[in-house]
Protein chains: 2
Amino acid sequence: MTVVEERPKQETRARRVRERNRQRILDASIEIFARKGFDGASIAEIAERSGLPKANVYYYFPSKEDIYSTIIDNLIAEWDAALEHIDIDRDPADALAGYIRAKMEFSYKRTAQSKMFANEIVHGGRFLSRANRSHMRAITIEKGKIFEAWARAGKMDRLDPTHVFILLWGSTQFYADFDAMVESMLNTGRLTREQFNVATETIVHIVLKGCGVRSGARPSAGRPNSHGSRASRSVRSA
Amino acid sequence: MTVVEERPKQETRARRVRERNRQRILDASIEIFARKGFDGASIAEIAERSGLPKANVYYYFPSKEDIYSTIIDNLIAEWDAALEHIDIDRDPADALAGYIRAKMEFSYKRTAQSKMFANEIVHGGRFLSRANRSHMRAITIEKGKIFEAWARAGKMDRLDPTHVFILLWGSTQFYADFDAMVESMLNTGRLTREQFNVATETIVHIVLKGCGVRSGARPSAGRPNSHGSRASRSVRSA
DNA sequence: CCAAAACCTGACCAAACCGTCAACTTTTTT
DNA sequence: AAAAAAGTTGACGGTTTGGTCAGGTTTTGG
C-alpha cells in the first residue's frame with residue numbers, strides 16, 4: 001500500500017541476483033512441468049536443473065504451487081498479444097490469418113509453456129485463478145462480438161462465434177501440446193520451420209474458406225511473402 | 001491363433017469375479033488418471049474407489065503402469081471405429097461429417113479416457129507402445145491416401161492430408177480434453193446435448209466448406225434430422 | 001565500519017508413495 | 001474330500017516427496 005514513498009528502486013547487485021535466480025528457477029520449471037506435470041515434477045529436480053540447492057528454491061518461492069501459478073499467469077498474458085489481431089476494424093481475412101499465424105508461431109517457440117497450460121486444463125484447471133478464468137470468458141465474449149459484427153456485415157458466415165474461436169484455438173494449440181503425436185503422424189523429429197508453415201497455411205486455408213470469409217485486398221497480412229493465404233491457393237508439402 | 005484346442009472356457013464363478021474386479025479397477029483408474037495424471041494418481045486412491053484393498057489391486061495388475069497402458073490400448077482400439085467413416089468409396093461430405101460426428105460423440109461420452117490420452121501425449125508419450133505409435137502412423141498414411149484420391153477426383157481441395165487430419169482430430173478432441181476451458185468460455189456447466197450438437201455442426205460446416213468438399217446427395221449422413229450439414233446453412237446457438 | 005537486511009544451504013522431518021509378502025479364505029478340480 | 005488353484009488382505013519396507021530450520025555468508029545502507 002505504499003503510494004507516496006515508492007523509492008527509486010535502484011539497480012542494486014542483490015536485486016539483480018534475485019531476478020536472475022528467480023528466472024533460472026522458472027525456466028527450469030517450465031521444462032520439467034511440461035514433461036512431467038505438476039505432480040510428476042519434483043522440487044529437487046527443479047533445483048538441480050537451476051543449479052541451486054533445493055532450500056534456495058524455497059527461499060525464492062513459497063511452494064511448488066506458487067512456481068507453477070506464476071508460469072501460468074505469465075503465459076496467459078503472452079497469449080493476449082496474438083489476440084490483438086482480431087480487431088473489428090481490420091479485414092477479417094487478414095485478422096484471422098494473422099491470429100492463426102501468431103498463435104502457431106507461439107506454439108512453435110513456446111511449446112513447453114503451452115503444454116503446461118494444456119496439462120492444467122486437462123486436469124480441470126485446479127490452479128487456474130478466478131481472475132484468469134473470467135479473463136478467458138471476457139476475451140471470448142469480446143472477440144465473439146467481432147465475429148458477429150463481421151457476419152452481420154456479410155463479411156463471413158453466421159456461425160456460433162465461441163465454437164469458431166475454439167476451433168481456431170484448438171487447431172493451433174494442437175501443434176504445441178501434442179507435438180509428440182504430430183511427429184509420429186508425420187514420421188519425423190521436431191518439425192522444421194517449413195513443415196510448420198505448411199501446417200499454418202493449411203489451417204488458414206480451411207478456416208478462411210470454411211468461415212466464408214470474403215478476402216480483402218492483400219493475401220498475407222501486411223507481409224507479401226512466399227506463401228499466400230488466398231483460400232483458393234493449394235497448400236501442400238513435398 | 002488357437003483354433004483346434006480352445007477349451008469351452010465355461011463361465012465359472014471365479015472367472016466372473018476376476019472379470020468384475022479387473023473392470024472395477026479399470027473404471028476407477030480412468031477417472032483418477034484423467035483428473036490427476038499418471039504421477040498424481042495413487043494406487044491407494046484407485047483401490048479405495050474400486051472398493052478393494054490395495055494389495056488386491058496388485059493381485060490383478062502387476063503395476064500402476066500396467067493399469068495405465070491397458071486403458072490406453074483399449075481406447076486406441078475404440079477410436080478406430082470412428083475412422084471407418086473415412087472410406088474411399090463414400091461420398092466425401094458424408095464421410096467427413098460422419099467421422100466428425102462419431103468423434104464428437106466419443107468426446108462427449110468418453111471424456112475421461114480422452115483426457116488420459118491427451119495427458120499421455122502431452123508428456124511425450126512415455127507409455128505409448130511402439131505398436132501403438134506405428135498404428136497411428138499407418139492410419140495417418142492410409143486415410144491420407146483417401147484424401148488425396150478425393151482431391152485427384154476433384155471432390156475436395158488439394159491440401160496436405162496429414163494436416164487436414166490433424167485439424168479434424170484436434171478440433172473434435174478439444175471438447176473432451178479441454179472441457180474445463182470450453183465450459184469457462186461458454187459460461188456453463190457440463191455441456192448439454194444441444195450445445196454439443198451446435199459445436200459438432202459448426203466443425204462440420206467449417207471443415208466441409210473449408211476443404212472445398214463438393215457435397216453429394218443427402219445433407220446429414222444417413223440420418224436426415226433437425227440440423228442439416230449443408231455448408232451454406234447457418235449453425236448458431238440461441 | 002558496523003548493524004541490518006538479503007541471501008545461501010546442509011541437515012532434517014513427517015507424510016505419502018509403490019510394491020511385496022506371508023498367511024488366510026474361498027472356489028475349482030480331481 | 002482332499003489337493004490345487006484362485007482370490008483376499010493387513011502389515012511392512014525402502015524410497016521419494018514437499019517443505020522447514022538453524023546457522024551460515026554476503027551485500028547494502030547509513
Side-chain angles (χ1 to χ4, degrees), chain A residues 2 5-26 28-33 35-72 116 119-120 123 126-127, chain B residues 5-29 32-33 35-71 123 126-127:
Chain A
T2 62
E5 292 294 10
E6 267 300 291
R7 218 78 58 72
K9 234 173 199 175
Q10 48 191 301
E11 174 75 5
T12 143
R13 171 194 289 256
R15 199 128 36 208
R16 265 206 325 277
V17 165
R18 183 172 191 80
E19 211 43 53
R20 172 171 53 82
N21 281 353
R22 274 186 61 101
Q23 201 54 52
R24 270 189 194 172
I25 293 166
L26 290 176
S29 301
I30 288 169
E31 240 292 311
I32 294 165
F33 278 134
R35 210 171 54 245
K36 309 219 183 160
F38 182 80
D39 291 291
S42 79
I43 298 287
E45 194 181 349
I46 289 173
E48 194 185 12
R49 208 186 159 89
S50 314
L52 265 51
K54 194 175 65 149
N56 205 354
V57 171
Y58 275 99
Y59 176 71
Y60 286 110
F61 293 93
S63 68
K64 180 157 86 156
E65 183 178 332
D66 193 82
I67 301 177
Y68 189 83
S69 306
T70 301
I71 298 171
I72 296 275
M116 263 190 68
N119 203 44
E120 172 61 15
H123 293 346
R126 295 184 283 179
F127 301 128
Chain B
E5 292 293 11
E6 266 301 288
R7 215 83 56 71
K9 231 175 202 173
Q10 49 193 300
E11 174 75 3
T12 143
R13 170 193 289 257
R15 197 127 38 208
R16 263 208 326 278
V17 165
R18 182 170 193 83
E19 211 42 55
R20 172 171 53 82
N21 281 354
R22 274 185 62 100
Q23 201 53 53
R24 271 189 193 171
I25 293 166
L26 290 175
D27 287 344
S29 301
I32 293 165
F33 278 134
R35 211 172 53 244
K36 308 217 182 162
F38 182 80
D39 292 291
S42 78
I43 298 286
E45 194 181 349
I46 289 174
E48 194 184 12
R49 207 186 160 90
S50 312
L52 265 50
K54 196 176 62 149
N56 205 352
V57 172
Y58 275 101
Y59 176 71
Y60 286 109
F61 292 93
S63 69
K64 181 156 83 155
E65 184 178 333
D66 194 82
I67 301 177
Y68 189 83
S69 305
T70 301
I71 298 170
H123 293 346
R126 296 184 283 179
F127 300 128

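It should be emphasised that the depicted structure is a prediction, and the values quoted were computed from it without experimental measurement. A note on names: the letters A, B, ... follow the listed sequences, proteins ahead of strands, and every chain is numbered from 1.
- As a whole-Å value, the separation of B:Glu19 CD from C:dT27 C1' is 17 Å.
- A distance of 4.0 Å separates CD1 of A:Ile71 from CE of A:Met116, quoted to the nearest 0.5 Å.
- Checked against C:dC7, C:dT9, D:dT9, the side chain of A:Arg18 finds its nearest nucleotide in C:dC7.
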Sort me out a list of protein N/O and nucleotides 17-19 of chain D N/O pairs below 3.5 Å, or just none if empty.
{"residue": "D:dG18", "atom": "OP1", "partner": "A:Ala41", "partner atom": "O", "Å": "2.9"}
{"residue": "D:dG18", "atom": "OP1", "partner": "A:Lys64", "partner atom": "NZ", "Å": "2.9"}
{"residue": "D:dG18", "atom": "OP2", "partner": "A:Ile43", "partner atom": "N", "Å": "3.0"}
{"residue": "D:dG18", "atom": "N7", "partner": "A:Lys54", "partner atom": "NZ", "Å": "3.4"}
{"residue": "D:dG19", "atom": "OP2", "partner": "A:Tyr58", "partner atom": "OH", "Å": "2.9"}
{"residue": "D:dG19", "atom": "OP2", "partner": "A:Lys64", "partner atom": "N", "Å": "3.0"}
{"residue": "D:dG19", "atom": "N7", "partner": "A:Lys54", "partner atom": "NZ", "Å": "3.2"}
{"residue": "D:dG19", "atom": "O6", "partner": "A:Lys54", "partner atom": "NZ", "Å": "2.5"}

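- Regarding A:Lys36, its NZ atom lies at a distance of 12 Å from the C1' atom of D:dT16, rounded to whole Å.
- The CZ atom of A:Arg16 sits 14 Å away from the C1' atom of D:dT26 (whole-angstrom rounding).
- The side chain to side chain donor-acceptor pair (under 3.5 Å) search around B:Asp27 returns B:Gln23, not counting sequence neighbours.
- The distance between atom OH of A:Tyr59 and atom P of C:dC8, rounded to the nearest whole Å, is 7 Å.
- Taken to the nearest 0.5 Å, the CG atom of A:Leu26 stands 9.5 Å off from the CZ atom of A:Phe33.
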Counting only pairs under 3.5 Å, give me each side-chain donor-acceptor contact of residues 36-51 of chain B, with atom names and distances, residues two or more places apart or in other chains.
{"residue": "B:Lys36", "atom": "NZ", "partner": "B:Glu45", "partner atom": "OE1", "Å": "3.2"}
{"residue": "B:Asp39", "atom": "OD2", "partner": "B:Arg126", "partner atom": "NH2", "Å": "3.2"}
{"residue": "B:Ser42", "atom": "OG", "partner": "B:Glu45", "partner atom": "N", "Å": "3.1"}
{"residue": "B:Ser50", "atom": "OG", "partner": "B:Ile46", "partner atom": "O", "Å": "2.6"}

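- Of the residues in residues 45-52 of chain A, not one places a heavy atom less than 4.0 Å from an atom of DNA chain C.
- Taking OH from A:Tyr60 and CZ from A:Arg18, the interatomic distance works out to 6.0 Å, rounded to the nearest 0.5 Å.
- Distances shorter than 4.0 Å separate some side-chain N or O of A:Tyr60 from OP1 or OP2 on C:dC8.
- Atom CZ of A:Arg20 and atom P of C:dC8 are 8 Å apart (whole Å).
- Residues passing the side chain to side chain contact (heavy atoms under 4.5 Å, CB included) test with A:Ser63, sequence neighbours excluded: A:Glu65, A:Asp66.
- For A:Asn119, the side chain to side chain contact (heavy atoms under 4.5 Å, CB included) test picks out A:His123, B:Asn119, B:His123, with sequence neighbours left out.
- Taking CD1 from A:Ile25 and OH from A:Tyr58, the interatomic distance works out to 11.0 Å, rounded to the nearest 0.5 Å.
- Within the model, atoms CD1 of B:Ile67 and NZ of B:Lys64 stand 9.0 Å from one another, a figure rounded to the nearest 0.5 Å.
- Remark: P of C:dT27 and CG of B:Asn21 are 13 Å apart, rounded to the nearest angstrom.
- If you measure from atom CZ of B:Arg24 to atom C1' of D:dG7, you get 14 Å, rounded to the nearest angstrom.
- Separating the CZ atom of A:Arg22 from the P atom of C:dC7 is a distance of 11 Å, rounded to the nearest angstrom.
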